[in-house]
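Here the structure comes first, spelled out in structure tokens, and everything after it is commentary.
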Amino acid sequence: MCGIVGYVGHQAALPVVVEALRRMEYRGYDSSGVAVLDGAGATRVEKKEGKLANLEAALDAAGRGSFAGTTGIGHTRWATHGRPSDRNAHPHVSGEVAIVHNGIIENFAPLRHELEAAGVDLVSDTDSEVAAHLLARAMDDGPTAGDFVASCRAVLNRLEGAFTLVFSHADHPDTLVAARRSTPLVLGVGEDEMFLGSDVAAFIDHTRDAVELGQDTVVVMRADGYEITDFAGEPAEGRPFRIDWDLEAAEKGGYDFFMLKEIAEQPDAVADTLLGHFHDGRIVLDEQRISDQELRDVDKVFIVACGSAYHSGLVAKYAIEHWTRLPCEVEIASEFRYRDPVLDRSTLVVAISQSGETADTLEAVRHAKSQKARVLAVCNTNGSQIPRESDAVLYTHAGPEIGVASTKAYLAQITANYLVGLALAQARGTKYPDEVASEFRQLEKMPELIQRVVDSLEPVRAIARELADSKSVLFLGRHVGYPTALEGALKLKELAYMHAEGFPAGELKHGPIALIEDGLPVFVVMPPIEGRGVLHSKLVSNIQEIKARGARTIVIAEEGDDVVRPLSDYFIPIPTSTTLLQPLLATIPYQAFAAEVAAARGYDVDKPRNLAKSVTVE
Ligand code: F6R
């Protein structure tokens with residue numbers, strides 16, 4: 001989830017581009033960079049690892065005046081392929097070409113080989129750089145030689161995956177060419193000037209007239225106008241609109257809180273986490289320094305994590321044991337190393353962390369490594385400490401999460417954990433290749449279903465407003481519904497400062513049922529219809545038990561679940577999925593509920609009291 005900006009107009013490009021990058025920094029801050037075309041056949045590039053402040057210092061040192069020109073592009077990076085570094089920062093350059101990219105070019109490996117075989121020297125570890133070299137070559141030679149726009153299209157037609165790209169060429173300083181497939185790009189239309197941004201916050205200071213670009217479109221922009229086509233060059237439409245947000249609202253995408261924006265971004269977080277991980281019928285991890293043989297030799301899996309990440313691990317346990325037939329234990333990281341767990345060379349420890357900096361998880365990783373276990377990190381932050389100290393990494397691609405309470409990173413963690421489970425099953429041969437492929441296809445369907453849940457949260461918010469004064473709320477579930485209950489309770493505790501507990505529904509009668517009193521709200525997640533049978537009927541009994549004691553039941557269940565509907569005081573329908581994948585849907589109403597209760601109580605949803613986004617102390 002990088003931030004992309006572009007400018008063609010009559011103003012000096014550098015200040016416009018740098019200001020736009022400041023607005024885009026929430027999308028990533030692993031590195032940033034600019035390219036300014038001087039109009040006389042040269043492009044001046046500066047890029048730096050780390051926050052924008054580092055780039056600004058480099059620009060000051062170089063002399064900002066030396067970046068003369070009225071056309072420029074910029075990028076702020078959330079690293080995916082290649083760790084954060086100056087070398088991997090955008091723009092990427094090849095001859096007169098400079099490009100910035102957001103997304104993942106899934107077929108970058110064969111393209112890279114092709115370029116290397118042709119003698120091209122690639123200087124970064126990114127997937128993005130191939131686009132710069134392909135364009136430079138298309139401009140030099142072949143059917144589109146010398147034609148900037150046609151060459152850009154020729155390159156775009158060779159790329160697979162999800163991407164927003166902006167291309168510049170020093171010999172065509174009055175033109176920028178940009179394209180989008182799946183990842184966002186908006187055009188800003190000014191007076192004799194045009195802007196590009198990953199979202200409108202990039203140019204809201206300059207113009208309120210914007211054009212949303214459709215899927216698989218190319219925009220050719222000059223100071224005095226723009227033209228939109230599809231990848232084949234056929235005319236295509238954009239959607240013009242007027243921006244009526246102020247700057248703060250624009251940065252939050254029009255939502256009141258970043259958390260709400262992040263809830264809405266979950267379909268993309270899951271889709272992006274899956275991107276590039278299934279090649280030639282096989283699951284592939286990002287950085288695999290564990291051999292296939294070592295994966296085959298694994299005889300036990302430990303998952304270590306904290307908070308929501310721990311809950312994502314609890315969900316994964318069901319899939320990992322089911323798919324790999326390996327015992328899988330899930331441990332709170334701060335407990336793990338103090339109880340002398342049994343670890344050896346054939347233990348795989350999966351460390352899950354959004355930030356990659358959580359001290360408890362990091363120490364658990366160090367302990368596991370000291371005992372010779374193999375460590376695989378599932379992490380959202382490229383270049384952070386936990387992946388650096390691990391033997392293998394699978395990155396979640398949720399993009400920066402600003403709200404302290406985890407939402408999109410949590411769903412991305414569940415997704416990535418499933419990929420780990422499938423990678424293990426594949427290496428160990430406990431699933432046939434076609435079964436692995438079929439599980440992956442199921443995962444690929446999830447973003448669309450998640451979108452349906454995200455689009456239908458208004459009734460959940462209404463329930464939240466109604467229950468905002470409750471003293472206590474319980475959450476129940478069975479199987480993967482149990483960690484989902486824990487996550488629902490955690491969200492409510494941390495955001496609304498309300499007493500909340502999650503229980504396995506069957507455990508209720510062993511004690512917690514004493515908590516049930518008249519009017520107590522109790523959330524229940526019902527297993528999908530696929531799981532109707534024992535699990536479903538047991539939960540129906542549990543609901544009857546609590547209803548008989550006066551609880552108000554709020555039931556999350558499949559749309560067609562008519563058995564449970566009559567037992568629900570409030571019924572929250574979700575789409576049909578498999579049992580294992582249901583947490584990717586059922587968690588979302590809990591996130592929305594907690595955020596709405598917090599807002600109704602007047603709390604800052606993005607910054608709950610006493611909490612920090614990254615917990616770097618034990
Ligand atoms: C809850 C939440 C925390 C984190 C936990 C681990 O909404 O965000 O419980 O999940 O502090 O953080 P990471 O994943 O950065 O290790």
Side-chain angles (χ1 to χ4, degrees), residues 78 257-260 262-263 265-266 269 273 303-316 330-337 349-366 368 375-390 393-417 420 475 483-498 500 502 583 587-588 590-595 597-598 603-618:
W78 184 254
F257 296 101
F258 279 109
M259 180 180 167
L260 303 183
E262 287 158 4
I263 289 174
E265 286 169 351
Q266 293 185 109
T273 298
I303 298 181
V304 291
C306 306
S308 292
Y310 165 72
H311 297 156
S312 83
L314 288 175
V315 172
V330 190
E331 290 249 4
I332 290 182
S334 54
E335 291 292 318
F336 177 71
R337 75 183 171 127
V349 172
V350 180
I352 308 169
S353 175
Q354 186 286 128
S355 61
E357 300 292 344
T358 300
D360 290 321
T361 313
L362 181 59
E363 289 306 328
V365 166
R366 287 177 177 160
V375 178
L376 189 158
V378 170
C379 184
N380 197 40
T381 312
N382 202 312
S384 57
Q385 201 58 29
I386 290 171
R388 252 190 266 168
E389 297 196 19
S390 300
V393 189
L394 183 59
Y395 286 108
T396 49
H397 292 299
E401 198 175 54
I402 295 173
V404 164
S406 191
T407 52
K408 60 176 182 170
Y410 177 69
L411 258 55
Q413 280 163 353
I414 295 178
T415 308
N417 297 344
V420 171
F475 294 79
T484 306
L486 294 179
E487 179 63 6
L490 177 62
K491 287 280 122 23
L492 197 57
K493 280 186 254 206
E494 68 180 329
L495 292 168
Y497 321 146
M498 193 185 268
T587 309
I588 303 168
Y590 287 162
Q591 300 166 340
F593 180 81
V597 172
Y603 303 143
D604 185 337
V605 172
D606 286 334
K607 295 194 193 83
R609 71 185 180 202
N610 307 337
L611 293 173
K613 188 70 191 161
S614 182
V615 187
T616 51
V617 288
E618 273 192 80

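Whatever order the structure lists ligands and atoms in, that order sets their numbers, starting from 1.
Listed here is the closest heavy atom pair of Thr407 and Met259: CG2-CE, 3.7 Å. Heavy atoms only, all atoms of each residue included: Leu260 and Ala595 are closest at CD2-CB, 3.8 Å. Heavy-atom minimum distance, Gln266 versus Leu411: OE1-CD2, 3.5 Å.
Each of the following atoms of ligand 1 lies closer than 4.0 Å to a heavy atom of Ala309: 10 (O), 14 (O). Residue Gln354 approaches ligand 1 through these ligand atoms, each under 4.0 Å from one of its heavy atoms: 13 (P), 14 (O), 15 (O), 16 (O). Every atom of ligand 1 with a heavy atom of Ser353 under 4.0 Å away is listed here by number and element: 13 (P), 14 (O), 15 (O), 16 (O). The contact set between ligand 1 and Thr358, taken as ligand atoms under 4.0 Å from a residue heavy atom, comprises 12 (O), 13 (P), 15 (O), 16 (O). Close approach to Ala405 involves these atoms of ligand 1, each under 4.0 Å from a residue heavy atom: 7 (O). Near Glu494, meaning under 4.0 Å from one of its heavy atoms, ligand 1 places the atoms 1 (C), 7 (O). Near Val404, meaning under 4.0 Å from one of its heavy atoms, ligand 1 places the atoms 8 (O).
More than 12 heavy atoms of other shown residues, nucleotides or ligands fall within 6.0 angstrom of atom NZ in Lys493.
Taking CZ from Arg388 and OG1 from Thr381, the interatomic distance works out to 11.0 Å, rounded to the nearest 0.5 Å.
Contact of the His311 side chain with the Tyr410 side chain is registered, since non-hydrogen atoms from C-beta on lie closer than 4.5 Å.
Ligand 1 lies less than 4.0 angstrom from a heavy atom belonging to Lys491.
For the pairing with Phe257, the side chain to side chain contact (heavy atoms under 4.5 Å, CB included) check across Leu495, Asp606, Ile263 returns one residue only, Asp606.
For atom 15 (O) of ligand 1, the nearest non-hydrogen atom from the set Ser355, Ala333, Ser406 comes from Ser355.
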